[in-house]
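As structure tokens, the structure follows; a few thoughts come after it.
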Amino acid sequence: MRTIAFYNLKGGVGKTTTAINVAWHAARWKHRTLLWDLDPQGAASFYLGVDDGTGYKAGAVLKGKQPMGNLKRETRWPLLEAIPSDISLRNADLKLAETGRGQLRQLVAPFGESYELMLLDCPPTLSPVAESIFSAADYLVVPVIPTHLSLRALEQVRDWLDSKKLKNLELIPFYNMVDRRRALHLDLLVKRPPIMRNSLQTWIPYSTHVEQMGDHRAPVAEFAPHTPAAHAYRALWFELLDRIKL
């Protein structure tokens with residue numbers, strides 16, 4: 001099983017929409033996939049239609065006192081299942097500070113018997129939660145808007161990872177929400193700065209169809225399959241698939 005975390009220190013850069021579209025493509029191409037929504041805001045759970053459950057106690061789950069297998073929910077897409085978010089995840093920092101950063105890795109590992117891909121939709125924070133997620137993941141996919149502040153956030157993440165000596169984790173940034181009408185976006189797209197080393201070549205355009213995912217509660221290819229955004233997510237999936245060698 002490959003474990004991919006979708007993360008950015010900044011909010012509003014499209015990590016959840018990316019996770020949903022990648023999860024959909026993975027399942028469509030016959031890879032049994034589980035997405036765990038670790039963000040207490042629960043946007044991924046909303047998109048996947050699994051936000052109507054009774055909830056759970058995140059502390060009990062993170063301490064191994066509540067079986068995670070009981071939290072899994074089927075989505076309306078075959079081979080794609082999800083563990084919904086819960087508002088109690090807002091206190092996950094306190095629980096993981098008690099159990100250590102390896103706890104999340106121990107919780108994720110057993111799913112390797114049933115799934116090829118585990119996708120983690122992460123909250124935008126550098127905290128014990130983030131450290132636990134990074135310890136559990138094989139790949140950290142970081143959407144970056146082509147602006148100086150977004151690139152600075154990526155640099156902060158790189159520096160933090162280096163300080164923690166997380167050797168198991170491969171950082172994979174890519175440009176997201178690219179507006180080709182903006183000179184800065186075009187310049188940074190053509191002349192990629194050194195901080196974007198190891199980045200995917202595929203980039204996702206700024207698109208109203210991505211915004212409409214909330215209306216349809218579905219990935220872009222479900223309701224607008226012939227649009228530039230849909231084609232871009234498809235290309236992103238195949239480039240990522242080649243990178244992780246699934």
Side-chain angles (χ1 to χ4, degrees), residues 4-25 35 37-44 46-47 119-127 129-130 133-134 137 139-162 169-216 218-221 224 227-240 243-244:
I4 305 175
F6 294 84
Y7 173 82
N8 195 303
L9 180 58
K10 287 174 61 65
V13 298
K15 64 174 182 58
T16 298
T17 52
T18 303
I20 295 300
N21 282 281
V22 167
W24 183 87
H25 276 288
L35 186 148
D37 187 357
L38 285 162
D39 192 334
Q41 296 183 62
F46 172 80
Y47 284 133
L119 306 182
L120 307 175
D121 186 37
C122 309
T125 178
L126 281 179
S127 65
V129 169
I133 290 169
F134 299 162
Y139 305 91
L140 190 67
V141 175
V142 182
V144 179
I145 300 174
T147 64
H148 295 302
L149 285 179
S150 192
L151 288 166
R152 181 174 180 270
L154 174 62
E155 186 172 12
Q156 291 174 317
V157 172
R158 280 194 186 275
D159 290 344
W160 195 82
L161 291 175
D162 289 342
L169 188 64
E170 181 179 345
L171 181 63
I172 306 177
F174 73 96
Y175 278 136
N176 195 35
M177 300 171 67
V178 177
D179 187 346
R180 291 186 295 174
R181 298 169 299 179
R182 300 182 60 182
L184 178 61
H185 283 214
L186 279 177
D187 186 51
L188 291 173
L189 188 64
V190 174
K191 302 175 183 178
R192 300 195 178 204
I195 194 64
M196 287 293 287
R197 63 185 181 275
N198 201 44
S199 64
L200 300 176
Q201 293 303 301
T202 304
W203 51 272
I204 307 299
Y206 179 82
S207 171
T208 57
H209 294 107
V210 178
E211 296 176 344
Q212 290 169 7
M213 285 175 59
D215 296 328
H216 297 273
V220 175
T227 60
H231 293 314
Y233 279 124
R234 185 176 187 272
L236 186 81
W237 156 248
F238 280 116
E239 188 177 358
L240 185 59
R243 182 72 67 90
I244 67 176

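Counting from 1, the numbers follow the sequence of the chain as shown. Just so it is clear, the structure is predicted and the values come from calculations on it, not from any experiment.
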Handout entry: Distance, nearest 0.5 Å, that separates CG of Leu119 from CG of Asp121
Key = 9.5 Å
Problem - Pairs flagged by side-chain hydrogen bond (donor to acceptor under 3.5 Å, both in side chains) wherever residues 145-156 is involved - sequence neighbours left out - result: none
Completion exercise
On a heavy-atom basis, the closest approach of Gly14 and Pro143 is C-CG, 4.1 Å
Exercise for the section: Report yes if some heavy atom in the side chain of Lys10 is under 4.5 Å from a heavy atom in the side chain of Ile145; otherwise report no. Expected result: no
Problem - Minimal non-hydrogen separation, Cys122 against Ile133, with atom names - result: SG-CG2, 3.5 Å
Practice task
Look up atom CZ in Phe174 and atom OG1 in Thr18, then write down how far apart they are to the nearest 0.5 Å.
Solution key: 3.5 Å
Exercise for the section: Measure across Lys15 and Tyr7 and return the closest heavy-atom pair with its distance rounded to 0.1 Å. Expected result: CD-CA, 4.2 Å
Handout entry: Note, Ile195 side chain near Val144 side chain (heavy atom, < 4.5 Å)
Key = no
Handout entry: Within 6.0 Å of OH in Tyr139, more than 12 heavy atoms from elsewhere
Key = yes
Exercise for the section: Heavy atoms only: give me the nearest Ala229-Val210 pair and the separation to one decimal. Expected result: CB-CG2, 4.0 Å
Exercise for the section: Would you give the length of the straight line joining atom CZ of Arg243 to atom CG of Leu200, rounded to the nearest 0.5 angstrom? Expected result: 5.0 Å
Handout entry: His209 (side chain) donor-acceptor with Val220 (main chain) under 3.5 angstrom
Key = no
Practice task
Applying side-chain contact (heavy atoms from CB on, under 4.5 Å), run through Gln41 and Thr16 and close with a yes or a no.
Solution key: CA-CA 11 Å; Gln41 296 183 62; Thr16 298; over 6 Å; no
Exercise for the section: Mark yes or no for whether Asn176, through its side chain, and Val13, through its backbone, hold a donor-acceptor pair below 3.5 Å. Expected result: yes
Handout entry: Pro146 vs Val178 side-chain heavy atoms within contact, under 4.5 Å
Key = yes
Completion exercise
Shortest non-hydrogen pair, Trp203 vs Arg192, comes out as CD1-NH2, 4.3 Å
Practice task
Side-chain contact test, heavy atoms from C-beta onward, threshold under 4.5 Å: evaluate it for Pro123 versus Pro40 and give yes or no.
Solution key: yes
Problem - Ring center gap for Trp24 and Tyr233 short of 6.0 angstrom - result: no
Completion exercise
Scanning both residues in full, the closest heavy-atom pair of Leu151 with Pro193 reads CD1-CG, 3.9 Å
Handout entry: Any side-chain heavy-atom pair of Met196 and Leu154 under 4.5 Å
Key = yes
Problem - Heavy-atom check, side chain of Phe46 versus side chain of Asp37, under 4.5 Å - result: no
Handout entry: Side-chain touch Leu38/Phe6, heavy atoms, less than 4.5 angstrom
Key = no
Problem - Close side-chain approach of Asn198 and Glu170, heavy atoms under 4.5 Å - result: yes
Handout entry: Gap separating the CD1 atom of Ile20 from the OH atom of Tyr47, nearest 0.5 angstrom
Key = 8.0 Å
Handout entry: Gap between atom CG of Asn8 and atom CG of Leu140 - 0.5 Å precision
Key = 9.0 Å
Fill in the blank from the handout: Rounded to the nearest 0.5 angstrom, the CG-CG distance for Leu161 and Leu169 is 6.0 Å
Exercise for the section: Mind running side-chain contact (heavy atoms from CB on, under 4.5 Å) on Ile4 and Leu240 for me, showing each step along the way? Expected result: CA-CA 10 Å; Ile4 305 175; Leu240 185 59; 4.3 Å; yes
